[in-house]
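Reminder, nothing fancy here: chain letters follow the sequence lines and each chain counts from 1.
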Amino acid sequence: MDAALARAWVSAVAASVASQAELLTQLDAAIGDSDHGVNLNRGFTAVLAALDSASFETPGEVLVRTGTTLVSKVGGASGPLYGSAFRALGKALGSSSTVDAAAFGAGLRAGLDAVRKLGGAAPGDKTMVDAYEPAVAAFEKAAGDGLAAAARAAADAAAEGMRATTPLQARKGRASYLGERSVGHQDPGATSTWLVFEALAAAAA
Amino acid sequence: MDAALARAWVSAVAASVASQAELLTQLDAAIGDSDHGVNLNRGFTAVLAALDSASFETPGEVLVRTGTTLVSKVGGASGPLYGSAFRALGKALGSSSTVDAAAFGAGLRAGLDAVRKLGGAAPGDKTMVDAYEPAVAAFEKAAGDGLAAAARAAADAAAEGMRATTPLQARKGRASYLGERSVGHQDPGATSTWLVFEALAAAAA
Amino acid sequence: MKKFVNDPESVVREALAGIAAAHPELRVDLEKQIIVRSDAPRNGKVGLVSGGGSGHEPLHGGFVGPGMLDAACPGEVFTSPVPDQILAATQAVDGGAGVVHVVKNYTGDVMNFEMAAELAGDEGVEVHTVLVDDDVAVEDSTWTAGRRGTGATLIVEKVAGALAETGASAAAVAAAGARVNEGGASFAGALAACTTPAVGGCGFDLPDDEMEVGVGIHGEPGRRREKLRPARDIAALAVDAVLGAKPLSAGSETIVLLNGLGGTPLIELYLLYGEVAALLDKAGVRIARNLVGNYVTSLDMAGASLTVCKVDAELLRLWDTPVRTPALRWGV
Amino acid sequence: MKKFVNDPESVVREALAGIAAAHPELRVDLEKQIIVRSDAPRNGKVGLVSGGGSGHEPLHGGFVGPGMLDAACPGEVFTSPVPDQILAATQAVDGGAGVVHVVKNYTGDVMNFEMAAELAGDEGVEVHTVLVDDDVAVEDSTWTAGRRGTGATLIVEKVAGALAETGASAAAVAAAGARVNEGGASFAGALAACTTPAVGGCGFDLPDDEMEVGVGIHGEPGRRREKLRPARDIAALAVDAVLGAKPLSAGSETIVLLNGLGGTPLIELYLLYGEVAALLDKAGVRIARNLVGNYVTSLDMAGASLTVCKVDAELLRLWDTPVRTPALRWGV
Ligand SMILES: Nc1ncnc2c1ncn2[C@@H]1O[C@H](COP(=O)(O)OP(=O)(O)O)[C@@H](O)[C@H]1O
Ligand SMILES: Nc1ncnc2c1ncn2[C@@H]1O[C@H](COP(=O)(O)OP(=O)(O)O)[C@@H](O)[C@H]1O
Ligand SMILES: [Mg+2]
Ligand SMILES: [Mg+2]
Ligand SMILES: [Mg+2]
Ligand SMILES: [Mg+2]
């Protein structure tokens, strides 16, 4: 992955978030506060502007800038979480102008660690971690087959993890306030995480 | 008319207002503030209690007490207006224990005068006067035929006056705020006035 | 109908019990249905009484206290109080210097207050009346019941209350109130009707893309219905109506009330106020003081009203004096 | 969606412009999206900052001023503010004695305030945090994000603000705030959901004869749904929940907030308060002070919350000190 591909990925995330904002917000209406799509869309719109107004030499720079912008524009729970994830990923990629799939997989795991450290959620808590964790594991496993294949595997695993949040009772985030009433609804954050990995697969294909 | 008949009349008004309260309120919702039925029902419920807790020798006493109770229980525009009408009627009947149709007609006109003086409405302003005025005129005209016949004529004239309020634009009361939008609705106060005269016809029949 | 009530018939009485519990500094008479300042009557001080239908809270009970009303008499929901009540309030605050009634111009309010004033006169209490009729949505012609009393009532009550506190005569207090009313103009719009406890329903039904323009505070339909427009257009509509009815020369000082009708969130009221302030500024009108919030409401109606009230130095000084009531408090 | 707005995306910024116009005594920075007391920073005085998603007005911006908050940072509607904003507010009120953050316990608020505190620490500003988590509708277990911060926030901000005014240390101010939170318990119910400007819709749809019990202030569904009941039953439900979660010994002194969620008329809030006061009295709980009104809202949600906060003589004294903010004012 190089700076151009990183940019292409983030742009694809932005496009996907924009087109799916209503879905994300509707999912959040059921077990949260109806703002997840609005939040991410505001954030990624700002990210596009930030990326457009500068040039970047490395994918790390692109992704750190993406994360920093998300932190300062999104707010809510998803802003710090996604922001930290992209920042940790970007930082992990260091100053290389291209990174291979293995290094990128390690970066993704650094992002996941950041999310888990900041939010304290474990798999099964019905959060974005439930999509993120299997996606990283699948990516690592397929990293030997190259970025495109690994990204595809990650996206599929994210989708599965996302769908698996539906029967869970939430233990983190706003949905946890609902107790048993959170069961039967797909987690909005896990859904947006799936979009992120789908965009990666599409950009890398 | 004697005290017993006056009581019977007022009781009949109370029963009619109670059963038609919703209609009166709905009419008031269209061009007023949705309380005419509630107001009169509260008032006549109190009137029944007041009449039950005392005995009266003359129809005048019954009607003065009715008016006084309405003034102190109804509020709004209709409280002082109906209250004053019944008080003026009762006072006009003096201390006789029975009055004939002519005297009763004069009393009704005294009541109408009180309403017109207090509220300043003329026929055609889309108020209770539009039912009250023709009712009194019809009563006076038929007074020679006795109370029952005069009351029947008054009730019919009130009904016609009431219906004639529909095409009018209001110039008094809350409905006047609506300007042209008041056209096409039957006036709630004219409707309750019709109920009052219908009750009289029923009681006197 | 969805409301926090026990029984629609007892709403006013039970709310009064709550006011009594919340404000031990006031005297609430549940029997007579009046709210009285605890130190009333004060010898030689003009008593200031207002009242009207309930459902407009904090008006009027929320404005009872030092510096403002001496008593309020709340009627049933949207129904003016009865003469007995008004008389009781009048007598409770009569300190020998006369009593001033602040009456919003509705047929029912006017008649009931008139009857009470007559009864009070019979008892030897001199009553002066200030009629408030600031709502310019209604034409002021002999062909209507005249303009309604709405937002300016608060300003009348504050200013008259301040003057009464100084020991001024009843005539002077009433005159100051009338002066405020003279300079005041209001205009309201609604996005959704209110729900009365007794009826449950609403005075009007609005499609999702329409608003009622020129509404009052009793759930009655407005002057007309329009397509819903952005806040800045609605603000312009209100400013135009108000300045159109009572033109202000450039440099005029005003008190502005951007009032919520009960169901509109404060964030929207502030947004509207921002628009209104910019428009008034453009028109050369100076806003000396302002209030933004729910003060003269119509139950849970989603809507807002604008009141612009021209003031001179004396009225402004009276506005600024300390006031201590449940809903308006400063300086103390 | 029917709202007084121009564009859902600019609601918060435009409302801030309105707040700026209405309150010249505050400094409103539209760029940084913060509301700051005009005399901040004050040398040697602890700065008190709060913030959270918008839509809860007057919380928090309406509580900025002498005796209460030094600054507020409103996020987008129902979305916690971002670290930049919080940092800007923190720096704006830092008078060298440290800054205290009052944070309602929501995952987003906690994380964003934490990040800001870290950034502020990097800039040499010592930040203490008071976490408010008074909503007993949520179980306080490791299996949830913990209890939400709701009505008690107002009491925390008033008390901490009063103490900060005396020149107390940041640690002491934070400790007083934490003590209020410790003694505070809240419970809310809703009769109808709110409408957010961005989405238009509602978090939940309620049939005409049902209510949501245990709701928060973000339009989220409550803990459960029940048949609508009379006000006295709803009051009992709230009192039981609050006293059940934080039992009070007979004779305990409390501050009670009967709070409207935005769309409930004041007459109903007073009616509810009457019921609550009677129930607390029966339970031997003393209400030393009370507030009835819309203070911690959820846009136009039809609903109400009860907060009961145990206080000792010192906290009560701090509650009583003068405060001068747009939404809470006494003694000055
Ligand atoms: N502690 C947490 N750890 C990981 N993810 C979380 C946590 N809390 C919430 N989330 C995720 O954030 C999503 C909600 O994001 P968003 O709606 O933007 O923020 P908010 O909940 O503050 O309104 C949830 O669906 C969930 O996936
Ligand atoms: N000035 C008036 N003269 C005569 N009748 C009037 C006048 N004003 C109003 N009314 C009558 O009163 C009726 C409304 O009564 P009601 O709804 O009880 O009082 P309010 O208008 O105060 O709510 C109107 O329908 C009308 O017939
Ligand atoms: Mg959310
Ligand atoms: Mg009516
Ligand atoms: Mg009425
Ligand atoms: Mg949120």
Heavy-atom cut-off 4.5 Å, strictly under: side chain, backbone, both or neither for [X] against chain C?
X: D:L228; result: side chain
X: D:V276; result: neither
X: D:P58; result: both
X: D:I234; result: side chain
X: D:L206; result: both
X: D:E210; result: backbone
X: D:D300; result: both
X: D:A304; result: both
X: D:I19; result: both

Among C:T307, C:V308, C:V242, find the residue that satisfies the side chain to side chain contact (heavy atoms under 4.5 Å, CB included) test when tested with C:S186.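 Answer after filtering C:T307, C:V308, C:V242: C:T307.
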Sort [X] into side chain, backbone, both or neither according to what part of it lies under 4.5 angstrom from a heavy atom of chain D.
X: C:N6; result: both
X: C:V11; result: both
X: C:L272; result: side chain
X: C:V332; result: backbone
X: C:A22; result: both

Which heavy atom of [X] sits nearest a heavy atom of [Y], and at what distance?
X: C:T325; Y: C:R329; answer: O-CB, 4.0 Å
X: D:K2; Y: C:P207; answer: NZ-O, 3.0 Å
X: D:R225; Y: D:D205; answer: NH1-O, 3.0 Å
X: C:N294; Y: C:G262; answer: OD1-N, 3.3 Å
X: D:R27; Y: D:S38; answer: NH1-O, 3.1 Å
X: C:H56; Y: C:G53; answer: CD2-O, 3.1 Å

Considering only heavy atoms and a distance below 4.5 Å, find which of [options] pairs most often with chain D.
options: C:G303, C:P322, C:P74; result: C:G303
options: C:P230, C:P197, C:G274; result: C:P230
options: C:E275, C:K3, C:R289; result: C:K3
options: C:V256, C:L266, C:I267, C:N290; result: C:I267
options: C:L269, C:D208, C:D209, C:L291; result: C:D208

Kindly say whether the aromatic ring centers of C:Y270 and D:H23 come within a distance under 6.0 Å.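 When the ring centroids of C:Y270 and D:H23 are compared, they turn out to be within the sub-6.0 Å range.
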C:Y295 and C:F63 aromatic ring geometry - parallel, tilted or perpendicular at 30°/60° bounds: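 Taking C:Y295 first and then C:F63, their aromatic rings lie parallel (interplane angle under 30°).
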Is the ring pair D:F78/D:H218 parallel, tilted or perpendicular, if the boundaries are 30 and 60 degrees?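 The rings of D:F78 and D:H218 stand perpendicular, inter-plane angle above 60°.
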Atom CD of residue position D:E226 - does it have more than 12 heavy atoms of other residues, nucleotides or ligands inside 6.0 Å?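 It does: D:E226 CD has more than 12 such atoms within range.
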Is the number of heavy atoms from other residues, nucleotides or ligands within 6.0 Å of CZ (C:R324) greater than 12?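 Not more than 12 within 6.0 Å, no.
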Which one of D:S54, D:G18, D:A231 has the most heavy-atom pairs closer than 4.5 Å to chain C?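 Option with the top pair count is D:A231.
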